[in-house]
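Structure first, commentary second.
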Amino acid sequence: MKTRIAPSPTGDPHVGTAYQALYNYVFAKQRSGAFIVRIEDTDRARFNPESQTRILEMLEWLGLQPDESPVVGGPSAPYIQTERAALHQGYAKALLESGAAYRAFDTAAELEERRKASEAAKSSYRGYDRRDRDLPQFESEARAAAGEPFVVRLKAPLEGSVIVKDVLRGDVVFQASELDDKVLLKADGLPTYHLAAMCDDHDMGVTHVIRAEEWLTSTPIHVLILEALGWELPQFIHTPLLRNADKSKLSKRKSNTSVDSYRELGIAPEALLNYLGMMAFSMPANPDGSSREVFSVADLIGAFTWERVGLTGPVFDLEKLKWLNGKYIREVFTLEEVVTRAVPFLERAGFDVTDTAYVSSVVDVLRPRFDVFSDLPEKVRYFFEGVQLEEKARAKLEEGKELLIELLPYLEQLAQDVEEFDRIDVVTVPNRVIPMSTKLINGWTHQFLEDAIIRFANEKEVKLGAVMQPLRAAVTGRLETPGMYEVLLILGRERALERLRGAVMT
RNA sequence: GGCCCCAUCGUCUAGCGGUCUAGGACAUCGCCCUCUCAAGGCGGGGACACGGGUUCAAGUCCCGUUGGGGUCACCA
């Protein structure tokens with residue numbers, strides 16, 4: 001069996017394409033079939049060469065590797081539709097000869113005019129009026145031979161009905177009177193989607209056409225083409241459309257449809273795929289009845305079945321996507337994986353990331369505090385650059401300056417106090433071990449800092465917070481940061497004390 | 001407007017006639033934890049669109065209404 005996605009290179013890589021790719025990929029893999037990618041670039045007016053590479057790159061980023069595609073090739077090459085134009089023209093000719101199609105010589109202006117007239121007449125039929133359907137054979141040939149531009153149209157039946165068998169919805173019946181004679185071959189000699197997709201799917205051996213619901217109403221046309229060519233019908237599966245918050249079809253104007261934009265936001269491909277996998281499809285529940293929100297593509301391949309795919313168009317909710325991404329950062333990825341993904345964002349912010357151990361401890365301590373990588377740089381700026389006092393932090397600092405001046409010697413004393421203790425090579429913080437270079441250690445450990453600061457607060461008879469917040473402001477310039485002991489440890493004694501001195505002296 | 005598809009909390013969804021006083025997740029609210037911010041834990045509010053059937057019994061089946069969406073291009 002074989003599935004495919006057939007994206008059109010006309011713009012940014014669309015999440016809808018990623019969504020379709022996921023279904024096609026998962027279903028093909030589950031059935032040990034092939035997943036192929038074909039580029040549908042027959043619309044020369046909207047064609048965008050960059051778009052093609054970006055779509056292919058998107059799939060690579062997502063890890064949805066096609067078995068056949070323009071880049072990896074395959075037995076049915078080429079996988080770029082315009083390169084198959086001769087094939088399409090041949091099929092169009094066959095259809096013309098068998099009488100299943102005909103030439104139409106209407107100009108765009110004529111069609112437009114008649115369409116308007118039809119609308120003005122409030123006719124419910126808005127399709128082609130079939131003016132040239134019964135043009136005598138000789139006239140058709142002669143005008144074509146004389147060089148008059150024409151398109152090839154499908155001769156759809158005038159009576160009866162066409163039944164589309166959709167795996168998810170069963171039989172969908174369309175009356176012939178609702179169909180019109182769609183263009184198969186355009187005046188420029190290139191095929192329209194209807195012809196090209198059917199021919200290519202057939203020639204490439206596609207067995208399951210899994211595509212968005214918006215194609216459902218043109219499927220009878222496709223069935224007609226397939227039948228006229230004498231080909232076996234594939235299984236048609238129309239999946240619900242991803243929606244904007246207002247339930248309309250997901251669009252650029254109302255939502256972020258570009259996968260690249262999510263990538264820039266700092267959404268991990270695993271999280272995006274996981275999120276897309278819970279749109280319309282639902283993973284079987286856990287044994288305790290709770291729903292399973294976190295799963296991989298491999299899990300999907302294991303559990304996927306069309307019976308668990310709903311038919312209502314799901315609203316794409318960025319909030320939940322972000323939450324899921326945060327979940328991956330906190331619970332699914334290893335620290336190392338989080339760091340690897342974070343580094344490019346930190347570098348782009350201009351931070352020096354050469355000290356891997358340092359970067360790692362910074363990221364680690366921030367892990368429960370960001371859910372999208374692009375948010376990270378701002379949250380860790382003070383770890384890489386000097387302190388920039390925020391307004392509220394300045395006020396706190398002023399408020400506690402007296403206390404800090406007294407605290408300073410306590411902290412400076414710390415190293416001496418613990419000389420008698422053994423040297424420690426790692427700093428142990430509850431629940432994690434942060435490797436540090438030994439020169440930063442001495443008394444500068446979580447335990448000693450905590451003891452010292454609590455003792456100090458007790459002696460001064462103030463709440464811990466009265467010490468912590470001014471200290472936090474002094475050392476980070478902010479009022480919201482990870483735990484102070486962690487921050488002091490990561491910063492290291494020298495830098496922390498230096499910042500503290502600097503703050504109380506101004 | 002014609003045709004086609006769809007219909008459970010604001011959102012993603014579970015539910016395949018009785019176990020539903022409808023379950024989970026995001027969001028939201030409250031409490032706990034706590035040096036701040038998060039994370040985490042606990043708890044609250046919150047839905048079967050409506051009307052007819054069928055049936056001993058309907059969120060679950062059928063019909064209609066309403067609502068939403070899609071589609072009617074020499075775009076895909």
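To find a chain, count down the sequence lines: A is the first, B the second, and so on, and within it residues start at 1.
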Spacing between Arg243(A) atom CZ and G67(B) atom C1', to the nearest angstrom: 12 Å
Touch class at under 4.0 angstrom, heavy-atom based, for Leu111(A) against every strand present: base
Atom-to-atom span, NE2 of His222(A) to P of U71(B) - whole angstrom: 13 Å
Side chains of Ser8(A) and Asp41(A), donor plus acceptor under 3.5 Å: no
Pair Thr42(A)-His88(A), side-chain donor/acceptor within less than 3.5 Å: no
Any Lys186(A) side-chain N or O less than 4.0 Å from OP1/OP2 of C75(B): yes
First encountered from the 5' end of RNA chain B, between Pro149(A) and Gly310(A): Gly310(A)
Modelled atom types, side-chain donor and acceptor of Thr239(A) and Gln20(A), under 3.5 Å: yes
Sugar-phosphate only, base, or nothing, as touched by Leu479(A) at under 4.0 Å among non-hydrogen atoms: base
For C26(B), the Watson-Crick or wobble counterpart (both distances under 3.5 Å): G10(B)
Sugar-phosphate only, base, or nothing, as touched by Val183(A) at under 4.0 Å among non-hydrogen atoms: sugar-phosphate
Nearest listed nucleotide, side chain of Ser291(A), among A76(B), G24(B), U36(B): G24(B)
Trp444(A) (side chain) donor-acceptor with Leu488(A) (main chain) under 3.5 angstrom: yes
Exercise: do Tyr193(A) and Asp43(A) side chains pair donor with acceptor under 3.5 Å: no
Closest listed nucleotide, where the reference is the side chain of Thr481(A) and the choices are U36(B), G70(B), C6(B): U36(B)
Distance between P atoms of G40(B) and A27(B) (Å, rounded): 9 Å
Presence of Thr42(A) side-chain N/O under 4.0 Å of A76(B) phosphate oxygens OP1/OP2: yes
Whole angstrom value for the distance that separates P of C4(B) from CD1 of Ile163(A): 13 Å
Closest nucleotide among A76(B), U13(B), G2(B) to the Tyr193(A) side chain: A76(B)
Whole-angstrom distance between C16(B) and C33(B), as gauged at atom C1': 43 Å
G23(B) and C48(B), which share atom name C1', separated by this distance in whole Å: 13 Å
Residues Arg130(A) and Asp180(A) bridged, charged N to O under 4.0 Å: no
P-based separation of A38(B) from U28(B) [nearest Å]: 11 Å
Sugar-phosphate, base or nothing in reach of Val467(A), heavy atoms under 4.0 Å: nothing
Atom-to-atom span, CD of Glu390(A) to P of C37(B) - whole angstrom: 14 Å
Euclidean distance for P, G15(B) against C29(B) (whole angstrom): 31 Å
Out of C26(B), C5(B), A7(B), whichever nucleotide has its closest atom nearest the side chain of Lys320(A): C26(B)
G59(B) versus G44(B) - spacing of their C1' atoms, nearest Å: 24 Å
Rounded distance (Å) that lies between atom P of C74(B) and atom CD of Gln89(A): 18 Å
Nucleotide opposite U34(B) in a Watson-Crick or G-U pair, distances under 3.5 Å: none
Rounded interatomic separation in angstrom, taking CZ from Arg292(A) and C1' from A14(B): 15 Å
Check: Lys182(A) side chain, A73(B) base, donor-acceptor under 3.5 Å: no
Integer angstrom distance from the C1' of C20(B) to that of A76(B): 45 Å
Pairing of Lys116(A) and Glu113(A) as salt bridge, 4.0 angstrom limit: no
Any donor-acceptor pair under 3.5 Å from Ser296(A) side chain to Asp299(A) backbone: yes
Side-chain donor/acceptor contact of Arg126(A) with base of G1(B) under 3.5 Å: yes
Whole-Å gap separating C1' (C26(B)) and OH (Tyr275(A)): 9 Å
P-based separation of C62(B) from A22(B) [nearest Å]: 24 Å
U11(B) OP1/OP2 closer than 4.0 Å to side-chain N/O of Lys247(A): yes
His14(A) side chain to Gly16(A) backbone, donor-acceptor under 3.5 Å: yes
Watson-Crick or G-U wobble partner of C50(B), both distances under 3.5 Å: G64(B)
Could you list the protein-to-nucleotides 40-44 of chain B atom pairs, N/O on both sides, closer than 3.5 Å?
| from | atom 1 | to | atom 2 | distance (Å) |
| --- | --- | --- | --- | --- |
| G40(B) | OP1 | Arg330(A) | NH1 | 3.1 |

Pair Glu40(A) + Arg38(A), salt bridge at N-O below 4.0 Å: yes
Under 4.0 angstrom between Arg308(A) side-chain N/O and G15(B) OP1 or OP2: yes
side-chain N/O Arg115(A) vs A73(B) OP1/OP2, d < 4.0 Å: yes
Distance, rounded to the nearest Å, where Glu119(A) contributes CD and C72(B) contributes P: 13 Å
Asn274(A)-Tyr328(A) side chain donor-acceptor pair, cut-off 3.5 Å: yes
Base-pairing assignment for C3(B) (Watson-Crick or G-U wobble, both under 3.5 Å): G70(B)
Sugar-phosphate only, base, or nothing, as touched by Thr217(A) at under 4.0 Å among non-hydrogen atoms: base
Sugar-phosphate, base or nothing in reach of Met278(A), heavy atoms under 4.0 Å: sugar-phosphate
Nearest listed nucleotide, side chain of Lys249(A), among A73(B), G70(B), C3(B): G70(B)
Listed nucleotide nearest any side-chain atom of Glu213(A), set C5(B), U36(B), G69(B): C5(B)
Closest-nucleotide 5' rank along RNA chain B - winner of Met283(A) and Ser123(A): Ser123(A)
Any Thr10(A) side-chain N or O less than 4.0 Å from OP1/OP2 of A76(B): no
Residue Arg472(A), side-chain heavy atoms: nucleotide from U36(B), A76(B), C6(B) that is nearest: U36(B)
Glu480(A) side chain, from C-beta outward: closest of A76(B), U36(B), U13(B): U36(B)
Arg367(A) vs A39(B): side-chain N/O to OP1/OP2 distance below 4.0 Å: no
Closest to side chain of Asp317(A), choosing from C5(B), C35(B), U11(B): U11(B)
Closest nucleotide among C12(B), A38(B), C4(B) to the Pro368(A) side chain: A38(B)
Expected output: side-chain Arg243(A) to main-chain Val315(A) donor-acceptor under 3.5 Å: no
Touch class at under 4.0 angstrom, heavy-atom based, for Arg478(A) against every strand present: nothing
